[in-house]
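Atoms considered below: every heavy atom in the structure, side chains included; atoms not considered: hydrogens, waters and symmetry mates. Quick caveat, the model's predicted, so the values are computed rather than measured.
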Amino acid sequence: MIKKITLLFLGLWMLIPFHGLAATGSNISIDMHYLVVSPAEDGSTNLMNMVNYSNSSSKEYKGDGKSEAVLKVTLPDNAMGLNFLDSKIAFKQVDKGFITTTPVPANQTTVLPYSYRIPKGKEIKLTMDYPVGIMQILVPEGMGSVEVTGAEATSQGTFQFDDQNYYGYSIEGLKENQTFTLIYKKDVQPPSDSSSSSSKQSSSTTDNGSTSNVTHTAPAFHNPGHIRMWEESPLHSFNPHIFLIIVGVIIIAGIASFIYFKRKARLEEERLGADKEEKAFKQLIAKQKAIMDKIIELEETFDAGKLPENEYQAKLAAYKQHLIQVKLSLRSFIE
């Protein structure tokens, strides 16, 4: 089970889109919606999202044409503190959420990383603006559990990423405009997963020979200065591991886009170069034919006695010299 979730997460992290969604009227669908739920210091609930929007069309997607919106994201009622984490994608906050205005390239995937908070005691009702292949809901270990109503959620057990354990829930095949409720219980922990390394107990022997059970391992070492800097930053309410994951995805997406467009420009340059060579070759062929026609015309004029021999020989030599240069140029194409 852990292996399955890890593969899904790596697929999202490397921006490899999933396929097999039900056919819809829209060219946009969500391959994976990755949602991390955790408590905030003020008692509210943090919801960090990383969502893959895929354009299945061979044309750039600029929205439905009814407004400036390209992608629309509906947030739950009472959502506050929206934080959009990709400065390369233009977005605008609207009444019920936010919209993006940056087109989605043809046959490509755009990743939207964003977060918001829900006040303590308020309902978390999520609405799907597009069909969703898989929604992966993750809760950091020891920070509670979730219940889902209005959709079928499957418990995925626990897994570890970057020294942090998570408990996962998976929802598949969400439809466009489908709404379901997420109930976050920060004081109720999910059942232990015996297959997870985090729940395995290890034993150690004390100095007097007795054996004691160790149920929790020591936390990973972090530089105190780094911890203090994070706690003093405006982002201290977010889980730092998830924040780094999202930043990593944005960097990878930027590198992938740079490589794609650089390769596209190189191919375009090669195509233009080939077109120029073909044009030059055709011009040489036409020039060779024109010179041959001139030589034939010159011989006919001389045979008719309309041109003195010395003038005929001079022009013929000039045409032949020009013809030799053209043939040498053509040889460079052939060889």
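There is a path of hydrophobic side-chain contacts, each under 4.5 Å, that joins M292 to F302. Linking ILVMFWY residues whenever their side-chain heavy atoms come closer than 4.5 Å, directly or via other members, places I291 and I285 in the same cluster. Criterion: ILVMFWY side-chain heavy atoms under 4.5 Å apart, direct or through other members. Under it, V111 and F261 are not part of a common hydrophobic cluster. I99 and I89 fall into different hydrophobic clusters, where Ile, Leu, Val, Met, Phe, Trp and Tyr are joined by side-chain heavy atoms under 4.5 Å apart, directly or via other members.
Ion pairing of R117 with D42 is present here, as a side-chain N (NZ or NE/NH1/NH2) and a carboxylate O approach within less than 4.0 Å.
Nearest heavy atoms, A151 versus L174: CB-CD2, 4.1 Å. Of all heavy-atom pairs spanning P140 and V37, the tightest one is CD-O, 3.2 Å. Here the shortest heavy-atom pairing between E172 and S170 reads CG-OG, 4.1 Å. Here the closest heavy-atom approach between residue K125 and residue T181 is recorded as CE-OG1, 3.7 Å. The two residues N78 and K122 make their nearest non-hydrogen contact at ND2-CD, 3.7 Å. In terms of heavy-atom proximity, P119 sits nearest to S44 at CA-CB, 4.0 Å.
Residues Y53 and Y61 keep their aromatic ring centres 6.0 Å or farther apart.
For the side chain to side chain contact (heavy atoms under 4.5 Å, CB included) with M32, the lone residue among I134, V51, V132, T109 that qualifies is I134.
The structure places NZ of K262 at 16.0 Å from OH of Y260, a figure rounded to the nearest 0.5 Å. A distance of 15.5 Å separates NZ in K264 from CD1 in I259, rounded to the nearest 0.5 Å. Atom CE of M48 is separated from atom OH of Y34 by 9.5 Å, given to the nearest 0.5 angstrom. The structure places OG of S155 at 11.0 Å from CD1 of I137, a figure rounded to the nearest 0.5 Å. Distance check: E299 CD to K315 NZ gives 13.5 Å after rounding to the nearest 0.5 Å. Between the CG atom of D31 and the NE2 atom of H33 there is a distance of 13.0 Å, given to the nearest 0.5 Å.
Between the side chains of N165 and T158, no donor-acceptor pair is found at a separation under 3.5 Å. T127 and T74 form no side-chain donor-acceptor contact under 3.5 Å, judged by distance and modelled atom types alone.
At a threshold of 4.5 Å between non-hydrogen side-chain atoms, the residues Q136 and Y169 do not count as touching. Contact check for N55 versus Q108: no side-chain heavy atoms found under the 4.5 Å cut-off. Side-chain contact check for P190 versus Y167: some heavy-atom pair is nearer than 4.5 Å. Looking at E68 and K92, their side chains come closer than 4.5 Å, going by heavy atoms from C-beta outward. E152 has its side chain out of reach of I171: every pair of non-hydrogen atoms, C-beta onward, lies at least 4.5 Å apart. Y116 is not listed as a side-chain neighbour of N46, based on a closest heavy-atom distance of 4.5 Å or more. Considering only heavy atoms from C-beta on, F180 comes within 4.5 Å of L126 through its side chain. L71 is listed as a side-chain neighbour of V104, based on a closest heavy-atom distance under 4.5 Å.
In this structure, the side chain of T102 engages the main chain of A90 through a donor-acceptor pair within 3.5 Å. Between the S57 side chain and the K59 main chain, a donor and an acceptor come within less than 3.5 Å of each other. Judged purely by atom type and a 3.5 angstrom limit, S145 uses its side chain to pair as donor or acceptor with the backbone of V188.
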- Start with the C-alpha gap between L85 and Y114, add the side-chain angles, then the distance that decides, and say whether side chain to side chain contact (heavy atoms under 4.5 Å, CB included) holds. CA-CA 6 Å; L85 301 174; Y114 60 93; 5.8 Å; no
- Test side chain to side chain contact (heavy atoms under 4.5 Å, CB included) on S54 and I30 and set out the steps. CA-CA 6 Å; S54 290; I30 296 174; over 6 Å; no
- Check the pair L112, N49 against side chain to side chain contact (heavy atoms under 4.5 Å, CB included), reporting the backbone distance first and the verdict last. CA-CA 8 Å; L112 298 188; N49 299 260; over 6 Å; no
- Would you check, one step at a time, whether the test side chain to side chain contact (heavy atoms under 4.5 Å, CB included) holds for K294 with L298? CA-CA 6 Å; K294 286 289 185 181; L298 180 65; over 6 Å; no
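Using bins of under 30°, 30° to 60° and over 60° for the plane-to-plane angle, the ring pair F98/F84 lands in the perpendicular bin.
More than 12 heavy atoms of other residues, nucleotides or ligands sit less than 6.0 Å from atom CE of M80. Applying the 6.0 Å contact sphere to CG of D64 captures more than 12 heavy atoms from other residues, nucleotides or ligands.
Residues passing the side-chain hydrogen bond (donor to acceptor under 3.5 Å, both in side chains) test with K120: none are found, sequence neighbours excluded.
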